Amino acid sequence: MTAAPDTWTISSAADAARARSAVARLTEHAPALDRARFLTDLTAQLRLCLDEGGAELVLSTRHADRLQVDVHPTGRPTHRLTLTCPPRPGGKATDGADLAAALLTADEDAGELVDQLDGVREELEDLQCKLAGLRRQQGALQEKLDEKEALVRFHREELHETNQGVLALHAELDAAALAQRELLDAERAARAEAESARRLLTFLADASAVVTASLDHDAILRRLPELLVPEYALDVDIWLFDDEEVPRGGTRPAAAVTAARTGRPQHAAGHAGGLSGVDDLPASVLAPDRPLLSIPLTAHRMLGVLTLTAPGSRFDPDTSVMLVELARRIGTALDHARRYEQHRDIAEALQRAQLTDLPEVEGLTLAARYLPATRGLNIGGDWYDAFPQPDGSLLAVIGDVTGHGLRAAVMMGQLRTALRAYAVEGDGPARILTRLHHMLRHQQPDLYATAVVARFRPGDPALVWASAGHPPLVVREPGGEVRALDAKPGIMLGVPIPYEYQEHSVDLPRGSTLALYTDGLVERRALGIDPGIDRLTATLAELSGRELERDLDASAESLLTPMLRDSERDDDVCMLLCHTTRTPSPVPVPSPRADRGAVHADATGRSLPR
C-alpha cells in the first residue's frame, strides 16, 4: 500500500486488512454503533474493490469531529465514507500523519497477523489433510453405512414380510382358536345332552326294572313316589279306575280328568309347555300354582292317570318324554300285576279246593301241611291225599306235578281224581301208578309228575308202597330210630316209555311214624336233595315220641320249622305224616278245628287251618 500520506493503493487482501486496521485505530473514540457501521461499510467496499481489481483509499479530514474516507475503485465511481467522532485529545484533527502512524502500527499488526495467518494457514493445511483423511474415512464409513443401510433395509423388508406372515398366522390361529372354541362348546353341549339322555335312559331302565320286577299291585304304587320325588316331580298323584268305564268329573285336577277322557297326556300351567306328545290345556282352564303333567296309565285299557307336579317352574322337554314312556311301562306293569293277582286267586282257589279233609281211621293218625311257594304264581302241582278203599284199607298219596301255575294245578286235580277212581276198583299202589303213567303219557305228553302211594290195612303191620320217581319215604320207629325207605323208585309219571311199577313192603310196628313229602321240603339249589333227606331223618329223630302220639298236628309244625329255616321258598312244600297208634283210637269228637290236619298257607307262608 503506497501513495501520498493520505492516499493508499489497495491491491491485495493484506493491503485491505492493513488499511482497515489503520482506519479502525483512527475511529476507536467514535461511538460504538456508528463505528461498527462505518467499519462494516468500509470492509464491504474494500472486498468489492478487491473482487474488481483493486482501489485507492484517500483519507481527508476537514473538521475536527468528522473522519472522511474516499474509496476509489478501478473503473467505478468513488465511494465516500463519513464518521462523526469526538475530537482527539488536544482538539487536533486527524491528518495523514496520523493515518501513516496508524498504518505503521497496522503494518506491524498486519505482520504479526500475517505470521499468525501463516501459522493458521499451516494449521489449516494440516486440518485440510486431516479433513481429507476424515473425508476418506467418512467415505469408507459412508460405504459401510450404505451397506449396513442396505442390509438393514433388506432385514426391514424381511421383518415386514415376517410380521405380515405372523399377523396372518395370528389371524389364522385366532380363527382356529375361535373354531376350536365353537367346536368345544358344541362338544360340551353335545356331551351334556348325551349325558342328560344317558341319565334319563338309565333312570328309565332302572325305574322300569323296579316297577316290572314286582307283581304286587300295591308295592308298585308305593315305589312310584320314591322313584320320582323330588328329582322329577314335587308330588305324585295316582288315580286308578276300578271298572272298565273311565270316570268323569270329581275332585281331580282338570288335567287328570282331561287325560282320562282323551287318553292323551295333558299339561296345565300358566304358560304353554311345548312338550312333545303332550297337549296344553287352553288358557280358559284355571292354571295351578305349579305346572302339572297328567299322563294316562294304559295297557289294553285305561287303568288310571298319573299326575306329576313339576319340581321347578316348568317341565324339561326331554324329561317329559321319559316320563310319558315310564307311565306307559307303569301301566303295563300294573296290568300284569292285576292279571297275576287274578290268576293267583283262581289258582289258589283251585288248589285250596283240591286239599283233602283227612279221614278218621282206627289205629292211624294223620296230619298234613301244604305251603305254596313265595315266588312266582304261588301255586303249583304239589298235592297230598288220603282216603279209604272198598276193602277197608287206607291209601296215603303225595305227588308233585312239574311246573307252576294253572296248568300244573289243573293237571294235579286230574291226577288226584283219576287216582281215586282207580283206587275204587281195588287196585294196589303199583297198579294205580301204572295206570296214571299211561293216562299222563297220552293226555299230557309234555307234562311229568312224581308220586308215591302207601297202603295201610287195619290190623296188618305191613306197609305196601310204590314210587314213581318220588323222594323216598322216611320212617320213625317207636324207639326213635329213623330210616329212609330207599327202595329203587320207578320212573316219573308221563315219561314217554311203557313202564310197570313195582310194590314194596315193610313192617311198621305200632307207634311208628311215616313221613311222605315233596322235594320242596328237602331240596336246596346249592346242596341238592340228599343232604335235605339226611336232615329230615335227623329232625324226625329229635321229635318226642309222646308228642307224636298225643298231637301229631303239632309235631308236623315242629318238623317243618327247622326244615324250612334256610329254604328259598321257590317251590311248594307238601308233607303228610301217618302215625300208627299203639292202641286203637276212640272215635274222635268233632272240635272247632277238626279239619283232620288239612292246612293251607297265606302269602307269607304261615300255616293256617283250613
Side-chain angles (χ1 to χ4, degrees), residues 348 351-352 355-358 365-376 378-380 382-386 396 398-400 404 452 470-485 511-581 591-610:
E348 286 186 353
Q351 179 78 36
R352 192 172 294 112
L355 296 177
T356 302
D357 289 337
L358 298 178
T365 306
L366 303 175
R369 289 292 184 273
Y370 172 77
L371 299 177
T374 57
R375 298 183 182 180
N378 291 341
I379 198 68
D382 290 21
W383 92 96
Y384 66 86
D385 200 359
I398 199 160
D400 184 3
H404 285 78
V452 63
H470 203 79
L473 302 176
V474 176
V475 174
R476 183 186 190 276
E477 297 183 353
E481 300 84 359
V482 180
R483 58 194 173 96
L485 303 181
S512 300
T513 303
L514 177 69
L516 297 82
Y517 56 91
T518 58
D519 57 357
L521 179 67
V522 294
E523 187 175 18
R524 303 294 180 267
R525 290 184 180 179
L527 301 175
I529 195 171
D530 291 338
I533 296 174
D534 294 339
R535 188 167 59 169
L536 175 62
T537 60
T539 305
L540 188 59
E542 294 174 359
L543 294 180
S544 168
R546 182 173 300 178
E547 182 181 359
L548 289 169
E549 189 77 26
R550 183 178 64 250
D551 192 347
L552 189 62
D553 195 67
S555 298
E557 204 64 40
S558 300
L559 183 62
L560 279 183
T561 301
M563 291 298 299
L564 298 181
R565 186 175 294 118
D566 63 342
S567 174
E568 299 175 356
R569 298 300 305 281
D570 56 354
D571 195 5
D572 300 341
V573 174
C574 194
M575 182 181 70
L576 177 62
L577 294 183
C578 305
H579 179 75
T580 58
T581 58
S591 64
R593 70 172 193 89
D595 58 355
R596 291 168 293 279
V599 298
H600 70 285
D602 61 8
T604 63
R606 195 175 48 204
S607 298
L608 301 173
R610 209 182 146 270

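These numbers come from a predicted model, not from an experiment.
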Please give me the minimum heavy-atom distance between [X] and [Y], naming the atom from each residue.
X: S558; Y: E547; result: OG-OE2, 3.6 Å
X: S512; Y: P478; result: OG-CD, 3.3 Å
X: I529; Y: P471; result: CD1-CG, 3.9 Å
X: V522; Y: M563; result: CG1-CE, 4.0 Å
X: Y370; Y: D382; result: CE1-O, 3.8 Å

Apply side-chain contact (heavy atoms from CB on, under 4.5 Å) to residues L516 and M575 and explain how you reach the verdict.
CA-CA 6 Å; L516 297 82; M575 182 181 70; over 6 Å; no
Who passes salt bridge (Lys or Arg N to Asp or Glu O under 4.0 Å) against D519, sequence neighbours left out?
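So D519 forms no salt bridge (Lys or Arg N to Asp or Glu O under 4.0 Å) with any residue.
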For the pair L564 and V573, evaluate side-chain contact (heavy atoms from CB on, under 4.5 Å) and give the outcome as yes or no after the intermediate values.
CA-CA 9 Å; L564 298 181; V573 174; 4.0 Å; yes
Just verifying a value: how many Å separate [X] [atom1] and [Y] [atom2], rounded to the nearest 0.5 Å?
X: L548; Y: S544; atom1: CG; atom2: OG; result: 7.0 Å
X: L559; Y: L521; atom1: CG; atom2: CG; result: 6.5 Å
X: L560; Y: R565; atom1: CG; atom2: CZ; result: 11.5 Å

Working for side-chain contact (heavy atoms from CB on, under 4.5 Å), residues D400 and C574
CA-CA 9 Å; D400 184 3; C574 194; over 6 Å; no
Do [X] and [Y] touch side chain to side chain, with heavy atoms closer than 4.5 Å?
X: L485; Y: V475; answer: yes
X: V452; Y: L473; answer: yes
X: L358; Y: L576; answer: yes
X: C578; Y: T513; answer: no

Does the [X] side chain pair with the main chain of [Y], one donor and one acceptor, at a distance under 3.5 Å?
X: R369; Y: D553; result: yes
X: H579; Y: L366; result: no
X: Y517; Y: P472; result: yes

Between Y384 and T518, is the side-chain contact (heavy atoms from CB on, under 4.5 Å) condition met? List the steps.
CA-CA 9 Å; Y384 66 86; T518 58; over 6 Å; no
By the side-chain hydrogen bond (donor to acceptor under 3.5 Å, both in side chains) test, which pairs, at least two apart or in different chains, include something from residues 531-541?
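Sorted pair list: R535-D566.
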Please, which pairs that meet salt bridge (charged side-chain N to carboxylate O under 4.0 Å, His left out) have at least one residue in residues 473-485, sequence neighbours excluded?
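Pairs touching residues 473-485 that pass the test: E477-R483.
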